[in-house]
Amino acid sequence: MPIRLYNSLTRTLVDLQPREPGHVTMYHCGPTVYSSPHIGNFRSFLFADVLRRFVEDQGCRVTQVMNVTDVGHLTLDDIEAGEDKMEAAARKAGVTAWDVAKRYEDEFHDCQRKLHVRLPHHMPRATEFIAQMGGIIDDLLQKGVAYQRNGNVYFEVARFPGYGKLSGKVLDELEAGARVAVNEEKKDPRDFALWKVDPKHQMQWDAPFRDGVRGFPGWHIECSAMSMHYLGPQIDIHTGGEDNMFPHHECEIAQTEAHTGVPFVGVWLHARHLLVDGTKMSKSLGNFFTVEDVLKKGYTGLELRYALIRVQYRQSLNFTLKGLDEARAAIGRVQQCRQRLARIRDGAEPAGAGDLAPDVAAANAAFTAAMSDDLNVSEALAAVFDFVGVANKAQPTAAGATAALAAFARFDDVLGCFGPEPKADAGADAPAELIALLPARDAAKKAKDWATADAIRQQVAAAGWKIVDTPQGARLEKA
RNA sequence: GGUCCCGUAGCCAAGUGGUUAGGCAACGGAUUGCAAAUCCGUCUACCCCAGUUCGAUUCUGGGCGGGACCUCCA
C-alpha cells in the first residue's frame, strides 16, 4: 500500500515515491540549541520519528538527517543590538555561545532518548559545515543570483522565479507594515542573508567563499549545505514545523535550486503547532512546558510521547495534563492486554482454542491503512484498541497469543509509545521477600482467613506492589 | 490588511451525503471474600443561519468563535 502524504508545496495528497526505489531520504529541520527543548519542538520531532518508523515498517530503507543549529539567529528584542539568541543566552548565563550550544545540544539528545526517538543517521552541526555553505554561496555569487554589500551576502529573490511557491506568499504583497526591517543594503526587502558580517558576533569564520569578509552564515544556508552533503541535491522528504514554511523553507528552496538547477524536495511536510490548554504555548501565559518539566511531574517518556503523537501531525494538538493521564491509562490498557497474552503463550495461564489469525490480519491491515493515510495516528490507535478489545475477549491458543503479541510489537515498533512487551511474570522482578509471601496468601485464602490475606495484601502494597488473585494462585504486579 | 486551518458527545479525537470510530472519565451490571484487570450495558454528538438534496454533521454561501503564518519560533 502506498504511503500517502500531504505535500505542502502542491497542497495535495501524494503517494510517496522515493527517487531510489526502496530507499527514502529525509531531512528534518532540527533544534536551535539556545534553550531547553519544549514539548512543541518535540511534537515536530516525534512526527518525523513516527514517519521514519512507518516508512521502515513498510519495507523501505531510510536515511535520515537532522541538523543541529548551533549558530544563533537574531532575536526580536536584540535585533537593534545585533545580538542573536545564542549570544543573548550566553551573555545572560555568563558563558560563551559555544558553551550554550553544547549544553542545549546535550539536553536535546537526552530528550530524544527519553522520548524513545530512533536516532537519525546523521545529526550534523551547522558550525561544522561552514565550508560547504561557502561553496554554495560562492556558486550563487558566480551565478549572479547573490550579491555582496559591505561583506554581507544576500540572495536576490527577484532572480528566482519560484520564490513564494511553498508558502504562497505573493512577492509584491509582503505587507509593508510587517516586521520587515528596513535595510538599505538590500536591493529588495525580501532578499535574505547568506552571509553576515558583524565584528561583535562571538561566532565568526573567515569567509569560505571568494572575496568574502570574515563573518557568520545566514540562517537558511545551513540546511541546504547539510542536506546536500548527506543526501545529494534532491531529497524525498523534508519536514519541519509549520512556522518554518516561511521564510526558512522558502529560502532553502530558492538557494538550493538556484545552486543545483533541479527540484530540491519531493514532499514537503509541515507539522502543526500544538496548543496548551487550548491556546498558544508561551512563557508569559504560564503554559509553557519543556520536556523536562513534564517528566519532573512524574510522567514517563512513553506517556509524553503518546500524548504528543496521538493526533495527526497536520491537526493542532491540544496538550493538557489531563491528556497525559489519559495517555497513561491508554498505555496501561495495551500493556495489560499484552501481559495476559504473554502469560497464555508461556503457559502461565490456560490457553483456549481461539485462533486469532484473522483478527491479527485485520488489525494489521487497519493499522497500515490508517498510517498510510497521511499518518493518521488517531485512526491507527483506534485500530490498536479495537484489537485490544478483540484480544481481551478471546481465549487464544498459545500460537494465537504469539501472533497477537507480534502485532502489538509491530504497532509499538511504528508508534513507539507502548513500550516493550511486558513479562509474562510481572512479579518476577519483585523483591524476594514479597514473592515469599505469596504461598502464605494462597494458604490464608484457602483457609478463608481474610484477616491474614488482607494483611499480606497491605504489606505488599506498602512495598509498591500489588497482589492479583487468579485461579492459578496469587501473583504480583507493580502497583 | 493579506494568506491559511479548525469548530464532533463530560474531556481528547477519527470519520462519513443515509449503516453506533477509538481512548479517557462517569454510572449500572457480571466476575472477585475484598481488590486489580477484564467483559456487558448506559451516556450516541457533529457551532449558528440559509441553500443544494429524497436526505447534510459530511457539499455550497454567510455568520460567530478559536488558531496559524506574513523574516524569533517546531
Side-chain angles (χ1 to χ4, degrees), chain A residues 11 28-32 34-35 37-48 72-79 84-85 88 167-170 173-181 183 189-193 219-220 239-248 250-251 270-275 278-282 306-307 310-320 322-323 325-334 336-337 339-340 366 370 373 376-386 388-389 391-393 444-445 448-450 453-454 457 461 466-471 477 479:
Chain A
R11 296 183 201 187
H28 314 288
C29 282
T32 304
Y34 66 92
S35 64
H38 58 71
I39 55 175
N41 298 131
F42 266 89
R43 186 199 190 184
S44 290
F45 302 140
L46 289 175
F47 146 63
H73 307 313
L74 296 181
T75 60
L76 193 57
D77 295 340
D78 297 320
I79 281 176
D84 76 34
K85 284 195 166 190
S167 58
K169 302 296 177 197
V170 180
E173 279 187 16
L174 278 184
E175 191 64 24
R179 295 177 262 167
V180 180
N183 184 335
R190 304 178 311 247
D191 291 349
F192 58 90
W219 171 30
H220 317 297
T239 77
E242 59 174 330
D243 54 290
N244 281 152
M245 234 163 134
F246 187 86
H248 185 52
E250 196 70 65
C251 296
H270 291 95
R272 206 66 194 274
H273 279 186
L274 59 69
L275 306 177
T279 188
K280 184 174 179 172
M281 180 169 76
S282 79
Y306 185 102
R310 65 207 272 240
V311 178
Q312 196 235 13
Y313 73 96
R314 278 200 294 134
Q315 301 297 322
S316 54
L317 160 79
N318 187 24
F319 181 90
T320 60
K322 191 179 172 194
D325 290 333
E326 292 182 6
R328 173 171 293 176
I331 292 168
R333 180 168 162 78
V334 170
Q336 193 78 36
C337 176
Q339 196 194 58
R340 170 175 173 265
D373 182 16
N376 191 338
V377 174
S378 296
E379 205 176 322
L381 283 170
V384 172
F385 285 104
D386 280 339
V388 168
N392 280 338
K393 268 173 274 200
K445 280 192 63 178
K448 296 196 188 298
D449 177 1
W450 308 132
D454 288 346
R457 179 187 286 291
K466 75 180 174 197
I467 283 183
V468 179
D469 292 322
T470 74
E477 269 185 27

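Naming: A, B, ... by sequence-line order, numbering from 1 per chain. Owing to the predicted nature of the structure, the values given are computational and were not obtained by experimental measurement.
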Show each protein N/O and nucleotides 5-7 of chain B N/O combination with a separation under 3.5 Å, one pair to a line.
residue : atom : partner : partner atom : Å
B/C5    : O2'  : A/R272  : NH1          : 2.8

Identify all pairs in which a protein N or O lies below 3.5 Å from an N or O of nucleotides 28-31 of chain B, and state each distance.
none

What N/O pairs connect the protein and nucleotides 32-39 of chain B at under 3.5 Å? Give each pair on its own line.
residue : atom : partner : partner atom : Å
B/G33   : O6   : A/R441  : NH1          : 3.2
B/G33   : O6   : A/R441  : NH2          : 2.9
B/G33   : N1   : A/D454  : OD1          : 2.7
B/G33   : N2   : A/D454  : OD1          : 3.0
B/G33   : N2   : A/D454  : OD2          : 2.6
B/C34   : N3   : A/R457  : NH2          : 3.0
B/C34   : N4   : A/R441  : NH2          : 3.4
B/C34   : N4   : A/R457  : NH2          : 3.2
B/C34   : N4   : A/D469  : OD2          : 2.3
B/A35   : N6   : A/D469  : O            : 3.3
B/A35   : N1   : A/D469  : N            : 3.0
B/A35   : N3   : A/R457  : NH1          : 3.4
B/A35   : N3   : A/R457  : NH2          : 3.1
B/A36   : O2'  : A/K466  : NZ           : 2.6
B/A37   : O2'  : A/Q336  : NE2          : 3.3
B/U38   : O3'  : A/N392  : ND2          : 3.3
B/C39   : OP1  : A/N392  : ND2          : 3.3
B/C39   : OP2  : A/R333  : NH1          : 3.4

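Side-chain proximity of A/H273 to the nucleotides B/U71, B/A13, B/A74 is greatest for B/A74. Checking B/U71, B/A74, B/C24 against every side-chain atom of A/E326, the shortest atom distance belongs to B/C24. Counting only heavy atoms from C-beta on, A/E242 has its side chain closest to B/A68 among B/C24, B/A68, B/A74. Listed candidates were B/A25, B/C73, B/A13. Nearest to the side chain of A/K280 is B/C73. Among the nucleotides B/A74, B/A13, B/G15, the one closest to the side chain of A/E379 is B/G15. For A/D386, taking side-chain heavy atoms from C-beta onward, the closest of the listed nucleotides B/A13, B/U71, B/G22 is B/G22.
Between A/N376 and the phosphate of B/G15, there is a side-chain N or O to OP1/OP2 separation shorter than 4.0 Å. The side chain of A/K322 places no N or O atom within less than 4.0 Å of a non-bridging phosphate oxygen (OP1 or OP2) of B/A13. The side chain of A/W219 contributes no N or O atom lying less than 4.0 Å from OP1 or OP2 of B/C72.
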query = Can you list the steps and then say if A/V334 with A/V384 is a side-chain contact (heavy atoms from CB on, under 4.5 Å)?
reply = CA-CA 8 Å; A/V334 170; A/V384 172; 4.3 Å; yes
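Under the rule for a salt bridge (charged side-chain N to carboxylate O under 4.0 Å, His left out), the partners of A/E477 that lie at least two apart in sequence or sit in another chain are A/K466, A/R475. A/R333 pairs by the salt bridge (charged side-chain N to carboxylate O under 4.0 Å, His left out) definition with nothing, not counting sequence neighbours.
Between A/Y306 atom OH and B/G23 atom P the separation is 9 Å, expressed in whole Å.
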key: RNA chain B base-pair string [pairs: Watson-Crick or G-U under 3.5 Å; |: paired with another strand]   = (((((((..(((.....[...))).(((((.......)))))....(((((..]....))))))))))))....
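B/C69 and B/U53 have their P atoms separated by 41 Å, given to the nearest Å.
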